[in-house]
Amino acid sequence: MNPPSISEPEGLPTRFAAADLSVRDCVELTAGLASYARSNGLSRVEVSGPPAISELIEEFGWDEVCFVDAHQKPAVDIAAAPRTWRCGQRGLRCLSDQLVGAAGAASEADTPPSTLSTGSVLWFARHNRLGDALGIVTGLEHYCRDNDVPSIAVTGSRALAEVVEVFACERVTCVPSPDEASTGEVLSGDAIFARSSWSMPWLDRLNHAVTDTFGGRARHGVPPLPLRQAREPGRQENVVYCQFDARSSTPPPPHSVRRIMSQFAAHGDVRVLGGPDTQDYLGHDLTYIRAELPEMVDRLLSCRLFVGCDSGLGHLAGCLGVPGLILSTDDFETTWSFFRGYAALSVVPLAATDLLLS
């Protein structure tokens with residue numbers, strides 16, 4: 001029997017319907033709902049879904065959460081919301097913010113149209129390296145498709161041009177410079193990028209920032225773009241590509257990196273992706289590879305494993321579905337947030353690497 005109806009503070013949802021979730025997701029969802037209730041001063045929230053939720057509420061004593069078979073009033077559909085609620089306390093904060101936002105989320109029919117004009121040029125003077133370019137181009141392409149924006153252009157770096165050339169963009173093009181934009185308004189892409197959340201998957205960030213700026217529909221779980229020219233399935237090489245950036249804000253000690261690479265040598269021929277800076281960082285006795293983006297794509301698609309840090313090549317491996325590990329050398333939750341959208345990559349703290357590989 002369902003309990004009596006609960007009062008709902010204005011602007012905050014208190015009824016939620018969960019889809020078929022794994023037990024792990026049920027644990028994190030229920031913990032998140034309890035945190036959401038406490039942080040927003042709600043005496044209780046209702047949730048329907050898998051019976052495991054009811055068992056977890058009783059087991060862990062989450063009195064703020066009440067399991068029901070059916071709601072007396074409409075409920076927020078958890079299945080329609082992005083899973084930004086994993087990973088410790090930041091995950092709980094993400095879920096709490098997401099549930100608060102669900103109260104004012106307009107339906108697709110009520111979403112105002114995008115005000116981003118066709119032919120606009122977004123100029124990225126700062127956010128223009130490979131990782132940035134992958135997030136920018138992918139996020140913009142899906143935004144334009146979802147909001148009927150026929151075409152826009154980006155400019156600011158060679159990396160942007162290469163990503164547009166290599167990946168299958170239909171609506172995003174690249175112009176050499178803002179001065180060469182024949183039509184359309186030139187906009188600061190950096191100002192839009194600066195609004196992006198640090199708690200979202202990397203490919204979602206600019207997509208949502210553009211939506212915040214111009215309206216329209218945002219996409220949750222932005223998928224990587226396919227390659228413009230599909231690669232023929234080829235022979236997999238027994239190679240492990242490693243990439244550790246000496247220019248990182250918190251580069252690991254060289255001896256730690258070399259020890260990690262020696263452990264991966266059992267899985268294939270270890271080759272390091274990098275140039276002179278990386279050679280000075282790790283030593284000149286290793287095998288180093290530098291390549292333009294098309295060749296790098298081919299190399300990654302043929303390798304056995306990728307091991308790296310939060311970098312453009314790490315995001316490239318994620319977009320290509322290359323299996324591998326991302327070692328967090330800084331704030332783990334931020335690194336995890338950025339990379340959690342890539343199905344083939346796992347993020348682990350650098351301090352745990354020796355334990356995992358032993």
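These numbers come from a predicted model, not from an experiment.
- The closest donor-acceptor contact from the side chain of Arg304 to the backbone of Gln236 lies at 3.5 Å or more, if one exists at all.
- Between Val257 and Pro252, the shortest heavy-atom distance links the atoms CG2-CG, 3.4 Å.
- No side-chain donor-acceptor contact under 3.5 Å links Asn128 to the backbone of Leu160.
- Contact detail for Met261 and Leu282: the closest heavy-atom pair is CE-CD1, 4.1 Å.
- The 12-atom threshold is not exceeded at CZ of Arg290, counting heavy atoms of other residues, nucleotides or ligands nearer than 6.0 Å.
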Run the side-chain contact (heavy atoms from CB on, under 4.5 Å) check on Thr213 and Val210 step by step: do they pass? CA-CA 5 Å; Thr213 305; Val210 172; 5.7 Å; no
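- In this structure, His142 contributes its side chain and Pro223 its backbone to a donor-acceptor pair below 3.5 Å.
- Between the side chain of Asp204 and the main chain of Gly221, a donor-acceptor pair closer than 3.5 Å is present.
- Separation of atoms CD1 (Ile152) and CG (Leu187) is listed at 9.0 Å; rounding is to 0.5 Å.
- Closest approach of Leu345 and Ala317 over heavy atoms only: CD1-C, 4.4 Å.
- The backbone N or O of Val164 sits less than 3.5 Å from a side-chain atom of Arg228, completing a donor-acceptor pair.
- Atom CD of Glu58 has 12 or fewer neighbouring heavy atoms from other residues, nucleotides or ligands inside a 6.0 Å radius.
- Atom CZ of Arg171 has more than 12 heavy atoms from other residues, nucleotides or ligands within 6.0 Å.
- Counting only distance, with no hydrogens or angles, the side chain of Glu141 and the backbone of Glu170 share a donor-acceptor pair below 3.5 Å.
- In this structure, Arg219 contributes its side chain and Asn207 its backbone to no donor-acceptor pair below 3.5 Å.
- Residues Gly216 and Thr211 approach most closely at O-CG2, 3.4 Å, considering heavy atoms.
- Not one N or O on the side chain of Thr329 forms a donor-acceptor pair closer than 3.5 Å with the backbone of Pro251.
- Shortest non-hydrogen contact noted between Val47 and Ala18 is CG2-CB, 4.5 Å.
- Judged purely by atom type and a 3.5 angstrom limit, Ser48 has no side-chain atom pairing as donor or acceptor with the backbone of Asp69.
- The aromatic rings of His315 and Phe339 lie parallel to each other, with less than 30° between the two planes, well short of the 60° mark.
- Formation of a donor-acceptor pair under 3.5 Å by the Ser311 side chain with backbone atoms of Gly314 is found in this model.
- Scanning both residues, Val172 and Val137, for their nearest heavy atoms gives CG2-O, 4.3 Å.
- More than 12 heavy atoms of other residues, nucleotides or ligands lie within 6.0 Å of CH2 in Trp62, so this atom counts as buried by the packing criterion.
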Working for side-chain contact (heavy atoms from CB on, under 4.5 Å), residues Leu122 and Phe124: CA-CA 6 Å; Leu122 274 63; Phe124 295 90; 3.6 Å; yes
As a quick check of understanding, evaluate side-chain contact (heavy atoms from CB on, under 4.5 Å) for Val347 and Asp310, giving each step before the final call. CA-CA 9 Å; Val347 181; Asp310 182 354; over 6 Å; no
Verify side-chain contact (heavy atoms from CB on, under 4.5 Å) between Leu286 and Arg258, making sure each step is shown before the conclusion. CA-CA 10 Å; Leu286 302 171; Arg258 292 185 66 101; 3.7 Å; yes
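- Between His71 and Phe16, the ring centre distance reaches or exceeds 6.0 Å.
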